[in-house]
There are 2 protein chains.
Amino acid sequence: MSWKRREREARGYHHGNLREALIQAARELIKEKGPAGFTFADAARSAGVSAAAPYRHFRDREALLADVAREGFQRFEAMLSTGWANGKPDALTAFNNVGKAYLAFARVEPAYYAAMFESGLPPDLNADLRAAADRAFGVLRTAADALVALLPAGKRPPALMMSLHVWAMAHGIASLFGRGDAGRRALPMTAEELLESQMLIYLQGLGFPQKA
Amino acid sequence: MSWKRREREARGYHHGNLREALIQAARELIKEKGPAGFTFADAARSAGVSAAAPYRHFRDREALLADVAREGFQRFEAMLSTGWANGKPDALTAFNNVGKAYLAFARVEPAYYAAMFESGLPPDLNADLRAAADRAFGVLRTAADALVALLPAGKRPPALMMSLHVWAMAHGIASLFGRGDAGRRALPMTAEELLESQMLIYLQGLGFPQKA
DNA sequence: GCTTTAATGTAAACTCCCTTAACATGAGTT
DNA sequence: AACTCATGTTAAGGGAGTTTACATTAAAGC
């Protein structure tokens with residue numbers, strides 16, 4: 001009967017890739033009940049192994065969460081990079097696409113997003129996690145650098161500040177309005193529209209010309 | 001010995017105001033270990049009562065958290081209102097003061113803030129909670145209305161949109177950079193400076209004149 | 001005073017989680 | 001074919017949280 005049994009028979013004694021399976025399980029559980037809504041044992045159960053098995057791969061629950069977050073930052077970076085597309089077709093458009101990619105990630109991968117930003121993990125729990133987060137932010141930073149370069153020399157804001165502003169805007173909107181059912185406050189506009197209009201106003205404030 | 005015992009002797013069998021005491025205890029615990037970092041029993045222990053006592057006042061842990069959040073929204077509203085000060089000395093200044101008040105609240109009352117925005121509570125778990133949150137947002141909305149009215153009739157953005165933008169900016173910054181040791185990413189500027197500059201740029205983008 | 005009622009306390013049953021130790025399996029190596 | 005290491009499993013101890021049932025105290029009303 002039970003799936004687990006059949007899976008087990010199919011897979012034999014060894015799972016094959018328990019580490020990844022645990023991360024997957026954690027993602028599922030986070031999506032359902034939040035980063036605090038599951039235990040180490042739950043993850044093991046979901047992956048179809050005994051409660052002791054996870055200890056072969058993660059020191060504790062926090063280490064598992066940290067790996068979910070790290071993996072999340074990697075995919076996040078990839079998604080933002082795709083949005084940026086090396087500044088094509090033009091920096092302004094590409095910059096907006098980064099914003100869209102940000103929201104898309106939060107919406108499509110709420111579990112990763114929660115592990116990354118809402119799990120209460122110390123940002124520098126380990127060097128890998130920190131590095132992954134920094135690389136993701138680096139995409140914003142690169143984009144801001146390119147955009148700033150479009151302005152006349154005397155009117156350039158600090159690119160770091162600008163990238164922090166954009167991060168805060170995107171995170172604020174994603175966090176408050178951006179998840180399917182989490183922060184579901186009824187709104188007359190979508191999170192995407194909200195961010196797009198906000199970025200437009202912000203960039204206009206910096207002196208960027210509006211596209212036709 | 002132990003405090004608890006002396007307190008107990010002092011207060012007698014009845015606590016007197018256990019409900020509030022539990023909310024206080026929850027705030028302490030949230031401040032220390034996050035909204036997920038304590039149990040119902042912990043709260044009882046902190047308040048110096050038995051593990052069963054809280055059930056007389058809250059159905060479960062979530063109900064307790066919801067009350068912390070509700071109380072938080074009330075104080076939040078009060079703090080934002082004070083910042084707004086009925087639009088004095090002038091709407092633009094007052095609007096910036098609302099932003100400062102927002103960050104100040106997140107910094108001074110991290111426990112309330114976490115319960116309100118990072119506890120994973122459904123925003124409309126109960127009508128009271130929802131109403132308190134709406135009233136707090138109402139302050140932003142009121143301020144945005146007043147500001148928008150300063151612009152010439154043809155250039156007025158929707159005040160609701162504007163208030164959502166501001167909320168997102170403030171929340172984004174508070175959430176990412178605004179708590180003493182939580183999201184501690186080393187930055188060359190304070191959260192306050194970051195929000196102030198961001199609002200300045202944003203308002204400039206809307207066509208507000210810069211103050212001298 | 002006596003009774004009633006609300007507010008806690010205590011105790012105990014139940015469940016679940018964490019963690020480690022000891023043993024089992026199996027895949028690749030020699 | 002035997003060896004070995006990584007990976008899982010069982011089993012067991014120790015804690016802790018939840019929840020209910022029942023006892024106790026304080027305060028208020030008759």
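All chains are named by letter (A, B, ...) in the order of the sequence lines, taking the proteins before the strands, and each is independently numbered beginning at 1.
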Salt bridge or not between B:E109 and B:R27? Use side-chain N to carboxylate O under 4.0 Å.
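Yes, this pair counts.
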
Can you tell me how far [atom2] of [N] sits from [atom1] of [X], to the nearest Å?
X     : N      : atom1 : atom2 : result
B:F38 : D:dT18 : CZ    : P     : 10 Å
A:E20 : D:dT7  : CD    : P     : 14 Å
B:D42 : D:dG17 : CG    : C1'   : 9 Å
B:N17 : C:dT8  : CG    : P     : 8 Å
A:F58 : C:dC18 : CZ    : P     : 15 Å
B:R19 : C:dA6  : CZ    : P     : 16 Å
B:L18 : D:dA26 : CG    : P     : 16 Å

Reckon A:D60 touches a base, only the sugar-phosphate, or nothing at all at heavy-atom distances under 4.0 Å?
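Result for A:D60 = nothing.
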
So what does B:Y55 hit on the nucleic acid, given a heavy-atom distance under 4.0 Å: a base, only sugar-phosphate, or nothing?
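Base contact.
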
Counting only side-chain nitrogens and oxygens, does B:T39 get under 4.0 Å of the OP1 or OP2 atom of D:dG17?
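Yes, because at least one side-chain N or O of B:T39 sits under 4.0 Å from OP1 or OP2 of D:dG17.
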
Are OP1 or OP2 of D:dA6 and a side-chain N or O of A:H57 less than 4.0 angstrom apart?
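Result: no.
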
Angle class for the B:F105/B:F76 ring planes (parallel below 30°, perpendicular above 60°, tilted otherwise)?
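Rings of B:F105 and B:F76: tilted, as their planes differ by 30° to 60°.
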
Indicate the ring-plane relationship of B:F177 and A:W167, choosing parallel, tilted or perpendicular according to the 30° and 60° boundaries.
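The rings of B:F177 and A:W167 stand perpendicular, inter-plane angle above 60°.
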
Can the positive tip of B:R61 be found less than 6.0 Å from the middle of the six-membered ring of B:F38, inside 45° of the ring normal?
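Verdict for B:F38: a cation-pi partner in B:R61.
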
From the options [options], select the nucleotide whose nearest atom is closest to the side chain of [X].
X     : options               : result
A:A52 : C:dG9, D:dT18, D:dT10 : D:dT10
A:A41 : C:dT8, C:dC17, D:dT10 : C:dC17
B:R56 : C:dT8, D:dT9, C:dC17  : C:dT8
B:R45 : C:dT8, D:dG17, C:dC18 : D:dG17

Going from CG on B:L22 to NE2 on B:H57, what distance comes out if it is rounded to the nearest 0.5 angstrom?
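The CG atom of B:L22 sits 6.5 Å away from the NE2 atom of B:H57.
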
